[in-house]
There are 2 protein chains.
Amino acid sequence: MRILLADDDDQLQRALRITLAARGYEVIAARDGAEAIDLAANAHPDLILLDLGMPRVDGLDVIRAVRAWSKVPILVLSGRTDSAEKVDALDAGADDYVTKPFAMDELLARIRARARSTSGEADAAAHAIGALTVDLAAKTIRSTDASGNATSVRLTPTEWRLLELFLKNPGKLLTRQMLLSEVWGPFHANDAGYLRLYVAQLRRKLEPTPSEPRFFLTEPGMGYRFEPGAVEAT
Amino acid sequence: MRILLADDDDQLQRALRITLAARGYEVIAARDGAEAIDLAANAHPDLILLDLGMPRVDGLDVIRAVRAWSKVPILVLSGRTDSAEKVDALDAGADDYVTKPFAMDELLARIRARARSTSGEADAAAHAIGALTVDLAAKTIRSTDASGNATSVRLTPTEWRLLELFLKNPGKLLTRQMLLSEVWGPFHANDAGYLRLYVAQLRRKLEPTPSEPRFFLTEPGMGYRFEPGAVEAT
DNA sequence: GCGGGGCGTTAGGGGTCCGTGAGGATCGGC
DNA sequence: GCCGATCCTCACGGACCCCTAACGCCCCGC
């Protein structure tokens with residue numbers, strides 16, 4: 001669980017970083033709006049804690065920029081208490097709004113609520129790809145082969161991000177644009193070459209016969225589709 | 001958009017009901033916790049506005065009961081301002097927590113934020129064409145045949161664009177001009193040959209007997225019409 | 001009965017997209 | 001500074017999709 005902490009208040013940022021790290025979150029920090037947008041695109045946070053009123057780029061513009069390509073939960077922190085400010089932020093795409101000063105345990109509870117809504121509990125369940133068992137949380141892939149061969153497959157970070165998208169959308173078509181935005185960020189929506197390469201990598205590592213894919217299917221002209229193996233009862 | 005309003009305060013409930021109805025929401029009301037659970041199960045609300053501290057059943061128990069089988073967004077209203085109460089409600093499964101008294105426009109913005117987060121799956125409504133089930137979002141067509149044959153139909157991108165237009169305008173006449181400009185762009189309004197070709201493709205792939213179309217009908221001299229299959233009782 | 005326009009169908013070519021392999025560039029660890 | 005892993009670039013062969021062209025059929029008007 002990676003949290004992007006965008007705040008220009010040194011003291012608050014340090015306090016939050018310590019508290020969040022103690023709860024097991026991985027924290028990455030941004031000092032202004034431009035840096036927040038950049039990190040949101042390239043560091044793949046699972047949640048964004050955004051302070052309105054940072055320098056260089058307005059907080060609302062940060063929300064709109066991120067929302068243009070990502071659905072990552074955005075939790076706004078702000079000292080402003082007037083409701084107009086809240087309405088603007090929420091309607092721009094923020095998911096929650098907390099006014100400073102706030103109680104730390106309440107903020108943590110709201111973070112958990114937002115994290116819960118996106119994880120979908122699907123992480124806990126082990127996904128099956130043919131004879132392989134994938135654990136997204138532990139980042140492990142083991143063979144459930146009856147012969148007891150403990151052949152473990154290793155994936156690179158980029159491969160994991162791609163695989164995660166496939167496993168979380170079984171049966172659904174994932175367009176090139178969507179995959180590229182989620183894995184490589186919104187500024188690489190045209191580099192279709194990346195996809196061909198890494199899909200080929202996944203197939204080579206996960207498909208029984210990579211030349212005839214059963215799970216990672218190509219939809220010509222549109223994108224790719226992960227088809228969970230039907231539980232055949234032979 | 002249907003909202004379940006669970007509150008035992010007559011005055012507040014009346015005010016909220018009027019305000020929400022004026023915004024185009026459909027409001028169903030519950031007077032206590034037991035009724036709220038009952039309506040949440042049977043009335044299929046898209047969002048729940050829940051007042052803690054209602055009689056008969058504790059608010060937290062309502063949250064837990066609903067969360068046992070549903071992911072519908074729950075927005076808690078409460079007069080209690082201590083953070084422990086908020087933490088308990090959020091961790092029980094609530095998605096947001098607003099303390100009374102609250103600004104009405106802020107509440108409405110938070111409702112919109114919650115509605116936005118779930119609307120993604122709403123338009124994934126499955127359309128039916130005879131024995132086939134079409135999912136426009138996932139780009140899948142599966143056979144709901146009773147014999148259990150999971151024959152899936154594959155469509156090309158152009159076929160999908162055309163089918164999407166038909167499914168979104170059931171029963172309506174679609175002129176050649178409209179179809180051509182939507183699928184092939186405004187500069188191909190005269191290439192009627194495209195249409196004949198691709199309508200034939202759709203019929204071949206989707207009609208039970210392509211030579212006698214039941215769903216994709218020709219209106220001579222004008223265009224085409226998609227007639228959703230009436231549930232025949234033969 | 002006759003001719004014409006619109007519609008359905010089929011086959012084939014051109015172009016775009018996809019799969020694959022090798023090689024260079026970059027980053028972090030030792 | 002060396003080394004390994006990971007990421008990206010580039011080029012080529014092949015598959016698939018889209019479009020073009022032609023033919024047969026039905027309906028309609030004359």
Side-chain angles (χ1 to χ4, degrees), chain A residues 28 41-44 139 141 152-164 166 173-185 187-226, chain B residues 139 153-164 166 173-177 179-185 187-226:
Chain A
I28 53 181
N42 298 321
H44 310 285
K139 294 281 186 293
I141 301 178
S152 67
V153 181
R154 273 184 50 82
L155 295 184
T156 68
T158 307
E159 289 164 5
W160 273 113
R161 283 203 295 273
L162 189 58
L163 178 60
E164 190 171 346
F166 278 125
L173 170 75
L174 300 178
T175 64
R176 282 193 298 273
Q177 199 174 358
M178 187 273 200
L179 290 169
L180 285 168
S181 293
E182 290 290 328
V183 177
W184 283 274
F187 307 113
H188 298 77
N190 294 329
D191 299 316
Y194 299 179
L195 259 186
R196 293 187 307 201
L197 192 69
Y198 279 89
V199 170
Q201 294 268 1
L202 281 184
R203 288 211 258 245
R204 192 176 309 158
K205 292 183 178 179
L206 302 178
E207 291 273 1
T209 55
S211 59
E212 295 176 359
R214 283 176 50 194
F215 305 106
F216 303 94
L217 308 180
T218 302
E219 296 284 348
M222 298 189 291
Y224 293 91
R225 179 196 310 279
F226 170 67
Chain B
K139 294 280 186 294
V153 182
R154 287 195 57 221
L155 263 51
T156 68
T158 308
E159 289 164 5
W160 273 113
R161 284 202 295 272
L162 189 57
L163 177 60
E164 193 169 345
F166 278 125
L173 169 70
L174 300 176
T175 65
R176 280 194 295 274
Q177 196 176 353
L179 289 169
L180 283 168
S181 62
E182 286 289 327
V183 177
W184 284 273
F187 305 113
H188 297 76
N190 295 328
D191 299 317
Y194 299 179
L195 261 185
R196 293 189 309 206
L197 194 69
Y198 279 91
V199 170
Q201 294 267 1
L202 281 185
R203 288 211 259 245
R204 189 180 312 160
K205 291 184 177 178
L206 302 178
E207 292 274 3
T209 55
S211 58
E212 295 176 359
R214 284 175 49 193
F215 304 106
F216 302 95
L217 308 179
T218 303
E219 297 284 348
M222 305 173 65
Y224 293 91
R225 177 195 311 278
F226 170 66

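Chain A is the first sequence line, chain B the second, and so forth, proteins listed ahead of strands; every chain is numbered from 1.
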- Message: Could you work out, with side-chain hydrogen bond (donor to acceptor under 3.5 Å, both in side chains) as the rule, every residue matching A:Q177, not counting sequence neighbours?
- Response: none
- Task: For B:A200, enumerate each residue passing the side chain to side chain contact (heavy atoms under 4.5 Å, CB included) test, keeping only those at least two apart in sequence or located in another chain.
- Result: none
- Note on the structure: The correct set of residues in residues 199-208 of chain A placing a heavy atom under 4.0 Å from DNA chain D is none
- Query: Between atom CG in B:L217 and atom C1' in C:dG8, what is the gap in whole Å?
  - Reply: 15 Å
- Message: Suppose we screen for salt bridge (charged side-chain N to carboxylate O under 4.0 Å, His left out). Which residues come up paired with A:K205, at least two apart in sequence or across chains?
- Response: A:E159
- Between B:L195 (CG) and C:dG6 (C1'), how many Å, whole number? 13 Å
- Message: Please enumerate all residues that pass side chain to side chain contact (heavy atoms under 4.5 Å, CB included) together with A:T158, with sequence neighbours excluded.
- Response: A:T156, A:R161, A:V183, A:W184, A:Y198
- Message: Within the 4.5 Å heavy-atom criterion, are A:L180 and A:N190 side-chain neighbours or not?
- Response: no
- Between protein and nucleotides 22-30 of chain C, map the contacts as a letter string: B base, S sugar-phosphate only, - none, heavy atoms under 4.0 Å, written 5' to 3'. ---------
- Task: Could you pull out all residues at least two apart from A:E219 that satisfy side-chain hydrogen bond (donor to acceptor under 3.5 Å, both in side chains)?
- Result: A:R225
- Message: How many whole angstroms separate atom CD of A:E219 from atom P of C:dC18?
- Response: 11 Å
- Message: Does any part of the side chain of B:L155, heavy atoms only, come nearer than 4.5 Å to the side chain of B:L202, both counted from C-beta?
- Response: yes
- Message: What is the separation between atom OH on A:Y194 and atom P on C:dC17, rounded to the nearest whole Å?
- Response: 17 Å
- Could you give the NE2-to-P distance, from A:H44 to D:dC7, as a whole number of Å? 10 Å
- Note on the structure: Double-helix bend of the helix from C:dG1-D:dC30 to C:dC30-D:dG1, axes at both ends from 5 pairs, round to 10°, gives 30°
- Message: A:R203: which residues meet the side chain to side chain contact (heavy atoms under 4.5 Å, CB included) condition with it, sequence neighbours left out?
- Response: A:V199, A:E207, A:P213, A:F216, A:T218, A:Y224
- Item | Contact summary for A:L174 and A:M178, nearest pair of heavy atoms | CD2-CE, 4.1 Å
- Identify the heavy atoms of A:A43 and A:I28 that sit nearest to each other, and give their distance. CB-CD1, 3.4 Å
- Test salt bridge (charged side-chain N to carboxylate O under 4.0 Å, His left out) applied to B:E182 - qualifying residues, sequence neighbours left out: none
- What residues form a side chain to side chain contact (heavy atoms under 4.5 Å, CB included) with A:N42, not counting sequence neighbours? A:D38
- Message: How many whole angstroms separate atom CZ of B:R196 from atom P of D:dG24?
- Response: 15 Å
For nucleotides 15-18 of chain D, give me every protein contact, N/O to N/O, under 3.5 Å, one pair per line with atom names.
| from | atom 1 | to | atom 2 | distance (Å) |
| --- | --- | --- | --- | --- |
| D:dC18 | OP1 | B:T158 | N | 3.0 |
| D:dC18 | OP1 | B:T158 | OG1 | 2.6 |
| D:dC18 | OP2 | B:T156 | OG1 | 2.8 |
| D:dC18 | O5' | B:T158 | OG1 | 3.4 |
| D:dC18 | O5' | B:Y198 | OH | 3.3 |

- Figure out the CZ/C1' separation between A:R176 and C:dT16, and round it to whole Å. 10 Å
- Between B:Y224 (OH) and C:dG6 (P), how many Å, whole number? 13 Å
